[in-house]
Amino acid sequence: MNIENLTLCEKIVSPSYIRQGSQARRGHEQLIRHLLDQGKCPEEGWSESTVELFLNELAVMDSNNFLGNCGVGEREGRVASSLVARRHYRLIHGIGRSGDIAAVQPKAAGSSLLNKLTNSVVLDILKISGVRSVASCFVVPMATGMSLTLCFLTLRHRRPKARYIIWPRIDQKSCFKSMITAGQHLTSCQPRILLLNKLGLFKKNPIYVQSTFD
């Protein structure tokens, strides 16, 4: 509530009670203000009430939640199930624009803001973790296979002559598919200490070694 609404509340409930509730709300708002100002991971985790307050504030900034709005365009955010809408805090429209996932979406100011803040917080966490040289990052939902494929493609760009991936074989189809999708040659082996020189592959081409554990 803004100051005007709180003033009106004092006409309904005792002003002292309203001021007490307003002070409690300001505690949440100060945490949100600090995040918006610094764009860094909070030193102390937020309570669920603060998280939900912030997400609800962001959601009302998206066009699909505008009062009286009826989105009928091809790129409008719509959801048929209220259960799904509540699960996602009514952040339905999505992020990005014209093929650029990092671009601000004009119809989804709240979702775009959440995306920018998420990237900023994760960047701060990466630096805290010791990766000081990282300059930027963005967060996207990725399953195992696609994440590994992107990693292999990055390694392939850095080592263009590399052709083989040594894979201690396990029953994980995503790993296998990711290597094939990346256009690499797969060499499977038993998960034990490898005598790589005997494979005769290092002499001509560098090799990636992929190992996954459950």
The reported gap from CG in Asn56 to CG in Asn65 (rounded to nearest 0.5 angstrom) is 9.5 Å
Check: Is the closest side-chain heavy-atom distance between Leu148 and Ser174 below 4.5 Å?
Finding: no
- Applying the 4.5 Å side-chain criterion to the ILVMFWY set and letting contacts propagate, would Leu150 and Ile101 be lumped into a single cluster? yes
Check whether any side-chain heavy atom of Glu52 lies under 4.5 Å from a side-chain heavy atom of Tyr89, and answer yes or no. yes
Ignoring hydrogens and angles, write down the donor-acceptor pairs under 3.5 Å from the side chains of residues 8-17, residues two or more places apart or on other chains.
residue: Ser14; atom: OG; partner: Ser16; partner atom: OG; Å: 3.0

Interatomic distance, CG@Leu123 vs OG1@Thr118, rounded to 0.5 Å, equals 12.5 Å
Please walk me through it: do Arg26 and Ser22 pass side chain to side chain donor-acceptor pair (under 3.5 Å)?
-> CA-CA 6 Å; Arg26 278 199 295 269; Ser22 176; 3.1 Å; yes
pair Pro42-His34: side-chain heavy atoms closer than 4.5 Å | no
(Q) Does atom NE2 (His88) have a neighbourhood of more than 12 heavy atoms from anything else shown, all under 6.0 Å? (A) yes
### Query
Out of curiosity, does Val140 fall in the hydrophobic cluster containing Val122 (side-chain heavy atoms, cut-off under 4.5 Å, transitive links)?
no
So CG of Asp100 and CD1 of Ile95: to nearest 0.5 Å the spacing works out to 10.0 Å
Stepwise, does the side chain to side chain contact (heavy atoms under 4.5 Å, CB included) test hold for Thr50 with Phe54? CA-CA 6 Å; Thr50 303; Phe54 187 43; 5.6 Å; no
Here the pair of heavy atoms bringing Gly145 nearest to Ser178 is O-CB, 3.3 Å
Taking everything shown except Gln38 itself, do over 12 heavy atoms lie less than 6.0 Å from its CD? yes
When rounded to the nearest 0.5 Å, the distance separating CG of Asp124 from NZ of Lys127 is 7.5 Å
| query | Once the angle between the rings of Tyr164 and His185 is folded into 0 to 90°, is it parallel (under 30°), tilted (30 to 60°) or perpendicular (over 60°)? | reply | tilted
In short, Gln105 meets Gly96 closest at the heavy-atom pair NE2-O, 3.0 Å
Review point. Is it the case that one hydrophobic cluster holds both Ile125 and Val134, taking links as side-chain heavy atoms less than 4.5 Å apart, direct or via other members?
Key: no
Residues Ala108 and Gly94: closest non-hydrogen pair is CB-O, 3.6 Å
Are Met61 and Leu36 in one and the same hydrophobic cluster, where Ile, Leu, Val, Met, Phe, Trp and Tyr link if side-chain heavy atoms are under 4.5 Å apart?
yes
Quick one, Val104 and Asn115 - any side-chain contact, counting heavy atoms below 4.5 Å? no
Quick note, salt bridge (Lys or Arg N to Asp or Glu O under 4.0 Å) partners involving residues 53-67, not counting sequence neighbours, are Arg25-Glu57
Checklist entry - After noting the C-alpha distance and the side-chain angles of Val121 and Val139, does the key distance pass the side chain to side chain contact (heavy atoms under 4.5 Å, CB included) rule? => result CA-CA 10 Å; Val121 169; Val139 179; over 6 Å; no
In short, ring-ring contact (aromatic ring centres under 6.0 Å, His included) pairs touching residues 102-149 with sequence neighbours left out are none
Applying side chain to side chain contact (heavy atoms under 4.5 Å, CB included), run through Leu55 and Leu114 and close with a yes or a no.
CA-CA 8 Å; Leu55 291 177; Leu114 180 60; 4.1 Å; yes
Rounded to the nearest 0.5 Å, the CG atom of Leu153 sits from the CD atom of Gln184 at a distance of 8.0 Å
When rounded to the nearest 0.5 Å, the distance separating OG of Ser120 from CG of Leu35 is 8.0 Å
Is Met146 reachable from Met179 through a run of hydrophobic residues whose side-chain heavy atoms are each under 4.5 Å from the next?
no
**OP:** Assess whether side chain to side chain contact (heavy atoms under 4.5 Å, CB included) is satisfied between Arg97 and Ser112, documenting all intermediate values.
**Re:** CA-CA 10 Å; Arg97 188 185 187 193; Ser112 296; over 6 Å; no
Is Lys116 reaching over with its side chain to a backbone N or O of Ala102, donor-acceptor style, under 3.5 angstrom? yes
